[in-house]
Amino acid sequence: MRVIEITQHGGPDVLQIRERPIPVFKAGELLIKVQVAGVNRPDVFQRSGNYAPPPDASDLPGLEVAGEIVDGDFSETHFKKGDLVCALVPGGGYAEYCTTPAVQCLPIPKNWTVLEAASLPETFFTVWSNVFERGRLTGNETLLVQGGSSGIGAAAIQIATALGHQVFATAGSDEKCRACEDLGAVRAINYRTEDFVEVVKSLTAGKGVDVILDMVAGDYAPREIDCMAEDGRLVFIATLGGNSAKLNFSKIMMRRLTITGSTLRPRPIAFKGAVAAQLQTRIWPLLAAGEIKPVIFKTFPLEQAAQAHALMESSTHIGKIMLTIDGPKDQQQ
């Protein structure tokens with residue numbers, strides 16, 4: 001099968017097309033003939049040497065796919081050979097075939113194409129587990145999404161809005177801010193020309209937001225503390241702005257703030273399976289009803305994975321970047 005290998009740590013050009021044997025599924029796993037794979041920031045981190053795959057995972061990049069189940073262990077799953085699925089995978093998505101635990105697979109949402117469905121797993125698993133489980137967003141609470149025009153950001157805005165929450169977002173241009181508001185954000189803040197702390201405090205009558213989803217970290221952290229409501233939760237999922245910051249712990253204690261974060265890839269299969277079940281129950285009906293829509297910026301053929309990574313690193317995209325591999329990508333369920 002054709003795969004994309006990371007030939008050495010470095011820039012996008014280290015991604016090269018190669019041939020490898022089709023992987024062999026293990027107990028509890030399914031073998032998927034991949035039609036589309038998503039490109040995500042962790043793939044870029046892995047390529048540059050900053051995000052090693054778990055010991056038992058493929059060394060190939062790619063954490064989400066969609067395609068046809070062609071083989072596997074069907075003993076404890078309702079899926080069968082020939083089903084079309086989208087799936088969170090432990091690695092190996094940039095390939096014509098990929099294995100993953102059956103519990104991490106989800107059906108293609110009704111009225112969604114295979115291409116569109118492939119954009120879901122990594123971002124939706126991440127948003128659900130961090131915003132709604134770790135961040136405990138509930139009731140009439142508010143959410144601030146840092147980097148609202150990214151794939152993660154677009155998912156967070158749409159999911160939280162569809163579930164009835166007021167969402168604010170930051171982005172790096174007026175065009176990206178408009179895109180965030182089109183997705184449901186009540187106000188998008190251009191962080192290059194506006195102070196998000198001042199805007200958020202103004203929009204919430206001085207209260208601040210209840211939950212912040214942040215992929216920046218660094219010097220954003222102390223400013224985020226200043227725009228959080230009492231008992232607010234700050235959830236980190238990446239550190240694009242740096243790994244350290246100077247914090248005022250008195251503010252954290254006086255206002256009972258929670259600072260937390262997580263990475264998805266190392267979590268146990270059982271945890272990911274539980275998230276998949278929650279997504280299918282709570283979010284998949286919203287996808288089928290058209291209340292949440294795909295946000296795909298550009299697709300590349302597998303052989304152009306390097307160009308896809310270059311686009312990701314340019315941060316000029318709005319939404320998801322995808323790799324098309326094989327099969328009827330426009331097929332709907």
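Quick note: residue numbers are just sequence positions, from 1.
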> Is Ile17 linked to Ile22 within one hydrophobic cluster, defined over Ile, Leu, Val, Met, Phe, Trp and Tyr using a side-chain heavy-atom separation of less than 4.5 Å?
Replying inline: no
>> So, taking the atom named CZ in Arg136 and the one named CZ in Phe132, what distance separates them when rounded to the nearest 0.5 Å?
In response: 13.5 Å
> Is atom CZ of Arg282 surrounded by more than 12 heavy atoms (other residues, nucleotides or ligands) closer than 6.0 Å?
Replying inline: no
>> Check whether Gln158 reaches the backbone of Ile292 with its side chain - one donor and one acceptor, N or O, closer than 3.5 Å.
In response: no
> Is there side-chain contact between Val209 and Leu203, with heavy atoms separated by less than 4.5 Å?
Replying inline: no
>> Glu96 vs Arg2, test: salt bridge (Lys or Arg N to Asp or Glu O under 4.0 Å). Steps then yes/no.
In response: CA-CA 6 Å; Glu96 290 184 307; Arg2 294 177 304 142; 3.1 Å; yes
> Looking only at heavy atoms, which two atoms of His309 and Val39 are closest? And how far apart?
Replying inline: CD2-CG1, 3.9 Å
> Out of curiosity, Trp284 CH2 to Leu279 CG, how far, rounded to the nearest 0.5 Å?
Replying inline: 5.5 Å
> What is the distance from atom CG of Asp182 to atom SG of Cys177, rounded to the nearest 0.5 Å?
Replying inline: 11.0 Å
> Do Leu234 and Leu257 touch side chain to side chain, with heavy atoms closer than 4.5 Å?
Replying inline: no
> Any sub-3.5 Å donor-acceptor pair from Glu116's side-chain atoms to Thr113's backbone N or O?
Replying inline: yes
>> Measuring only between side-chain heavy atoms, which start at C-beta, is Leu106 closer than 4.5 Å to Val85?
In response: no
> Is the side chain of Trp128 donor-acceptor paired with the backbone N or O of Ile283 at a distance under 3.5 Å, no angle test?
Replying inline: no
>> Side chains of Leu30 and Phe25, heavy atoms from C-beta outward: is any pair under 4.5 Å?
In response: no
> What pair of heavy atoms forms the shortest contact from Pro301 to Leu323, and how long is it?
Replying inline: O-CD2, 3.9 Å
>> Run the side chain to side chain contact (heavy atoms under 4.5 Å, CB included) test on Thr77 and Phe74 for me, step by step, so that the C-alpha distance in whole Å, both residues' side-chain angles and the decisive distance to 0.1 Å come before the verdict.
In response: CA-CA 5 Å; Thr77 180; Phe74 298 100; 4.2 Å; yes
> What's the verdict on side-chain hydrogen bond (donor to acceptor under 3.5 Å, both in side chains) for Asn130 and Ser262, showing C-alpha distance, side-chain angles and the deciding distance?
Replying inline: CA-CA 7 Å; Asn130 285 285; Ser262 73; 2.6 Å; yes
> If you round to the nearest 0.5 Å, how far is CG of Leu88 from OG1 of Thr100?
Replying inline: 6.5 Å
>> If you apply the rule side-chain hydrogen bond (donor to acceptor under 3.5 Å, both in side chains), what do you find for Gln146 with Glu224, and how did you get there?
In response: CA-CA 10 Å; Gln146 303 284 24; Glu224 288 168 331; 3.0 Å; yes
> So, do Leu264 and Glu122 sit near enough that their side-chain heavy atoms are less than 4.5 Å apart?
Replying inline: yes
> Quick one: are Val145 and Val167 in side-chain contact, heavy atoms under 4.5 Å?
Replying inline: yes
> Are any of the side-chain nitrogens in Lys26 or Glu29 under 4.0 Å away from the carboxylate oxygens of its partner?
Replying inline: yes
>> Taking Thr142's backbone N and O only, do any of them form a donor-acceptor pair with Asp210's side chain (distance below 3.5 Å, no angle check)?
In response: yes
> How far apart are the closest heavy atoms of Pro23 and Leu31, and which atoms are they?
Replying inline: O-CD1, 3.8 Å
> Can Val70 be reached from Phe79 by stepping across I, L, V, M, F, W or Y side chains whose heavy atoms are under 4.5 Å apart?
Replying inline: no
> Are Leu286 and Leu163 close enough, and set up right, to give a side chain to side chain contact (heavy atoms under 4.5 Å, CB included), and what steps lead you there?
Replying inline: CA-CA 9 Å; Leu286 301 176; Leu163 294 177; 4.0 Å; yes
>> Let me confirm one number: the CD1-SG distance from Ile318 to Cys180, rounded to the nearest 0.5 Å.
In response: 7.5 Å
>> With a 4.5 Å cut-off on side-chain heavy atoms, are Ile225 and Tyr220 touching?
In response: no
>> Using a 3.5 Å distance criterion without hydrogens, assess whether the side chain of Trp112 forms a donor-acceptor pair with backbone atoms of Leu287.
In response: yes
> Could you go step by step and tell me if Leu311 and Phe300 meet the side chain to side chain contact (heavy atoms under 4.5 Å, CB included) rule?
Replying inline: CA-CA 11 Å; Leu311 175 59; Phe300 294 85; 3.9 Å; yes
>> Is there a side-chain hydrogen bond (donor to acceptor under 3.5 Å, both in side chains) between Asp43 and Tyr94? Walk through the geometry before answering.
In response: CA-CA 10 Å; Asp43 305 339; Tyr94 291 15; 2.8 Å; yes
> So, Phe168 versus Phe196, ring centres under 6.0 angstrom or not?
Replying inline: no
>> Going by side-chain contact (heavy atoms from CB on, under 4.5 Å), Val131 matches just one of Leu137, Ile237, Ile212. Which one?
In response: Leu137
> Hey, is Lys80 close enough to Asp83 for a salt bridge, meaning N to O under 4.0 Å?
Replying inline: yes
> What do the steps show when you test Ile32 against Cys105 for side chain to side chain contact (heavy atoms under 4.5 Å, CB included), and what is the final call?
Replying inline: CA-CA 10 Å; Ile32 299 171; Cys105 296; 4.2 Å; yes
>> Please say yes or no: joined through hydrophobic side-chain contacts below 4.5 Å, possibly via intermediate residues, are Phe236 and Val197 part of one cluster?
In response: yes
> Are Leu143 and Met215 connected in the hydrophobic side-chain network, where two residues link if heavy atoms are under 4.5 Å apart?
Replying inline: yes
>> Once rounded to the nearest 0.5 Å, what's the spacing between atom CD of Glu64 and atom OG of Ser119?
In response: 7.0 Å
> Looking only at atom types and distance, does a side-chain atom of His317 sit under 3.5 Å from a main-chain N or O of Phe297, one as donor and one as acceptor?
Replying inline: no
> Which heavy atom of Ser58 sits nearest a heavy atom of Gly91, and at what distance?
Replying inline: CB-C, 3.9 Å
>> Could you check whether atom CD of Glu175 has more than 12 heavy atoms from other residues, nucleotides or ligands sitting under 6.0 Å from it?
In response: no
> Within the side chain of Asn40, is there an N or O that forms a donor-acceptor pair under 3.5 Å with the backbone of Pro42?
Replying inline: no
>> Side-chain heavy atoms nearer than 4.5 Å, only ILVMFWY residues, links allowed to pass through others: does that put Leu63 and Phe124 together?
In response: no
> Taking Ser202 for the side chain and Glu198 for the main chain, is one N or O donor matched with an acceptor at less than 3.5 Å?
Replying inline: no
>> For Met322 versus Lys320, what's the shortest heavy-atom pair and its separation?
In response: SD-CB, 3.9 Å
> Do Glu194 and Arg187 sit within salt-bridge range, that is, some charged N less than 4.0 Å from a carboxylate O?
Replying inline: yes
> Does the side-chain hydrogen bond (donor to acceptor under 3.5 Å, both in side chains) test come out yes or no for His9 and Arg47, once each step is laid out?
Replying inline: CA-CA 6 Å; His9 293 145; Arg47 190 207 72 220; over 6 Å; no
> Tell me, do Leu144 and Val211 make a side-chain contact under 4.5 Å, heavy atoms counted?
Replying inline: no
>> To check you understand the geometry: which heavy-atom pair defines the closest contact between Thr123 and Ala155, and what is its length?
In response: CB-CB, 4.1 Å
>> Could you check whether Thr258 and Arg233, counting side-chain N and O atoms only, form a donor-acceptor pair closer than 3.5 Å?
In response: no
> Is Glu5 paired with Arg20 through a side-chain N to carboxylate O contact shorter than 4.0 Å?
Replying inline: yes
>> Test your reading of the model: is there a side-chain donor-acceptor pair from Thr263 to the backbone of Arg265, 3.5 Å cut-off?
In response: no
> Got a donor-acceptor contact below 3.5 angstrom from the Ser149 side chain to the Ala171 backbone?
Replying inline: no
